Number of protein chains: 2
Amino acid sequence: MGMLVERLRTRGWRMTPQRRVVAEVLEGRHGHLTAEEVHALARERLPEVSLATVYNTLNELAVMGEVLAVSASEGPKRYDTNVSEPHQHLVCVRCQALVDVHPVGQDTLGLPDAERHGYELLDVEVVFKGLCAECRTAEPERAPKA
Amino acid sequence: MGMLVERLRTRGWRMTPQRRVVAEVLEGRHGHLTAEEVHALARERLPEVSLATVYNTLNELAVMGEVLAVSASEGPKRYDTNVSEPHQHLVCVRCQALVDVHPVGQDTLGLPDAERHGYELLDVEVVFKGLCAECRTAEPERAPKA
DNA sequence: GTATATGCAAAGCATTTGCATTAAA
DNA sequence: TTTAATGCAAATGCTTTGCATATAC
């Protein structure tokens, strides 16, 4: 059984079959799944699990910092299980395929005081946009990829 | 009358009262308005204009590059009229107040080949997240600000 | 036993769309 | 006169919520 499930239980998270199965799906696949995809995979193991519960669980995991909700400008949110390693995203503008890229230009993290407008700076989100290899050649539309 | 309206007409854009009024609202206010806000302001001048038309018009302007659709992770899209000057955004995570900040760490625009995963790079979006001055002190929730 | 999670179905929000009507060119 | 834009209301896609039931602790 996964470390994620352990960690959550020790934090006093009430463990149910539904929550366990969601945690296991996330732990198994390191990807960028949508709520629907998590739901589909969770159902393979536990057919009764509802989409509402998947959403609730993903939101809780996000609050606990165990998962990162990535909102591409198009389409549904993706849930990123890679929370330990700092990274950024590269998204295909055509098919929404998403990959992790690793910090280059970390210096962007600094915004000079003169540019802070009184804000307390918490984070920077950097999203690279492009066309993935398949979309550079293909004509027809494709389904999004994790 | 604004230069925006002129420019659009010379590009062969069919000019209607609705479109003109939307263009004028955008030109008057340099801000980051939502579609609803644009609609409200447009109605002050032309009460019959519909929300659907505002959406259609904003989308067309975005395709023409006259406006930039900014999707904050929370809430509706903001339409940014500042398209000439390269800049980035700083968003309050609490009230969604949004300000422009000016390119620092432009070098982020480069993603080394080794990190490109076969993608053709088109753009980078950099969004700084923080707490605005008001939210740093205030307790109660506030309405979003342009 | 009690607090909390679940499933369902309905509501929500932002946005798009179909279609008959109207108006710009 | 032709081609395209409008308004409306309904449909869409994603996500949240209310509430009665079920269940982990």
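As the structure is a prediction and not an experimental result, all values here were calculated from the model. Note that these values count all heavy atoms, side chains included, but never hydrogens, waters or copies made by symmetry. Lettering of chains follows the sequences in order, A, B, ..., and the numbering in each one begins at 1.
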Both B/Gly75 and A/Leu46 contact DNA chain C. Taking the nearest nucleotide for each, which residue is further toward the 5' end?
A/Leu46
Residue whose closest nucleotide on DNA chain C lies nearer the 5' end, B/Trp13 versus A/Ser50:
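Its nearest nucleotide lies further toward 5', so the answer is A/Ser50.
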May I have the distance from B/Glu74 (atom CD) to C/dC13 (atom P), rounded to whole angstrom?
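Value for this atom pair: 14 Å.
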Whole angstrom value for the distance that separates P of D/dC19 from CG of A/Asn56
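Taking atom P of D/dC19 as the reference, CG of A/Asn56 is at 16 Å.
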Classify A/Glu36 by what it touches in the nucleic acid, base, sugar-phosphate, or nothing, heavy-atom distance under 4.0 Å.
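A/Glu36: no heavy atom of the nucleic acid under 4.0 Å.
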Would you mind classifying the nucleic acid contact of B/Asn59 as base, sugar-phosphate or nothing, using non-hydrogen atoms under 4.0 angstrom?
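Sugar-phosphate only.
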Does the side chain of [X] get closer than 4.0 angstrom to OP1 or OP2 of [N] through an N or O atom?
X: A/Gln18; N: C/dG7; result: yes
X: B/Tyr55; N: C/dT16; result: no
X: B/Thr53; N: D/dG7; result: yes
X: B/Arg14; N: D/dT3; result: no
X: A/Thr16; N: C/dT6; result: yes

Distance-only donor-acceptor check, side chains A/Asp100 and A/His32, under 3.5 Å
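A/His32 and A/Asp100 do have a side-chain donor-acceptor pair below 3.5 Å.
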Looking only at side chains, do A/Asp80 and A/His89 share a donor and an acceptor under 3.5 Å apart?
yes
So if I take every side-chain heavy atom of [X] and compare against [options], which nucleotide ends up nearest?
X: A/Ala35; options: C/dA14, D/dT6, D/dT15; answer: D/dT15
X: B/Ala52; options: D/dT6, D/dC8, D/dT17; answer: D/dC8
X: B/Val49; options: C/dG7, C/dT15, D/dG7; answer: D/dG7

Electrostatic pair [X]:[Y] at N-O distance under 4.0 angstrom:
X: A/Glu37; Y: A/Arg78; answer: no
X: A/Glu74; Y: A/Arg94; answer: no
X: A/Arg7; Y: A/Glu66; answer: yes

